[in-house]
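Okay, structure first, notes after.
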Amino acid sequence: MELATHKSLENIIKKDKFLFPRSAYRGKFTVENLIFDANLQEFSQKVGYICALETGGKISSKQAYDEIKALWKQLKKSRKRLGIGKPPTENENNENKEDRSEPE
């Protein structure tokens, strides 16, 4: 088997970016938010593929619904595990108040 050439690696990367586009994260940076953003983008891509398969007659509407529902459940579990959307803890509230305080 031959090793991939520089040109073929560039083509693979271009194809990967075309098939699996990623957008830059915008918002308050935390590791959890960044991970959830990646999970959300993956969810979106998979839903798009499933919809295209259903529209093209390759899978049934029921199968598409079931697959999207399963993906949604995975995304919800991810959000819950990462603690996205839960109210801030008392320590986080105090830190935010300190950040907004007037300089002395």
Side-chain angles (χ1 to χ4, degrees):
M1 183 169 116
E2 285 186 42
L3 293 175
T5 64
H6 180 69
K7 195 69 167 171
S8 67
L9 285 176
E10 284 179 357
N11 289 337
I12 290 169
I13 291 169
K14 285 180 184 177
K15 185 173 27 171
D16 191 58
K17 285 183 178 183
F18 175 76
L19 292 174
F20 308 106
R22 294 284 180 182
S23 298
Y25 175 71
R26 301 178 197 284
K28 181 180 177 189
F29 178 80
T30 64
V31 173
E32 293 82 5
N33 286 348
L34 189 63
I35 292 169
F36 184 71
D37 182 68
N39 292 344
L40 185 59
Q41 288 190 45
E42 183 178 350
F43 169 80
S44 174
Q45 289 170 352
K46 287 181 178 182
V47 168
Y49 291 142
I50 292 167
C51 290
L53 289 169
E54 191 276 334
T55 301
K58 302 296 181 185
I59 61 174
S60 69
S61 296
K62 169 92 171 92
Q63 187 179 358
Y65 173 83
D66 291 341
E67 289 185 29
I68 292 171
K69 186 176 180 179
L71 289 172
W72 178 251
K73 286 181 179 182
Q74 287 175 0
L75 186 64
K76 281 177 62 174
K77 280 183 190 177
S78 165
R79 184 179 139 240
K80 205 172 203 178
R81 279 193 308 262
L82 293 168
I84 305 294
K86 69 179 181 183
T89 64
E90 188 63 34
N91 289 341
E92 290 171 338
N93 281 336
N94 290 337
E95 288 172 5
N96 290 338
K97 286 178 186 175
E98 290 170 8
D99 291 343
R100 288 181 275 176
S101 64
E102 295 289 321
E104 295 178 13

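Atom CD1 of residue Ile68 and atom CZ of residue Phe43 lie 7.0 Å apart, to the nearest 0.5 angstrom. Separating the CZ atom in Arg79 from the CG atom in Asn39 is a distance of 12.5 Å, to the nearest 0.5 Å. Between the CD atom in Gln45 and the CD atom in Gln41 there is a gap of 7.0 Å [rounded to 0.5 Å]. In this structure, OG1 on Thr55 lies 11.5 Å from CD1 on Ile50, to the nearest 0.5 angstrom. Separating the CG atom in Leu75 from the NZ atom in Lys77 is a distance of 12.0 Å, to the nearest 0.5 Å. Atoms CD1 and OG1, from Ile84 and Thr30 in turn, are 5.5 Å apart once rounded to the nearest 0.5 Å.
Phe29 is not connected to Leu82 by any chain of hydrophobic side-chain contacts under 4.5 Å among Ile, Leu, Val, Met, Phe, Trp and Tyr, and they are in different clusters. Residue Val47 is grouped with residue Trp72 when hydrophobic side chains (ILVMFWY) are merged at heavy-atom distances under 4.5 angstrom, including chains of intermediate members. There is no path of hydrophobic side-chain contacts, each under 4.5 Å, that joins Leu71 to Tyr65.
With hydrogens and angles left out, the side-chain atoms of Glu67 and Gln63 include a donor and acceptor closer than 3.5 Å.
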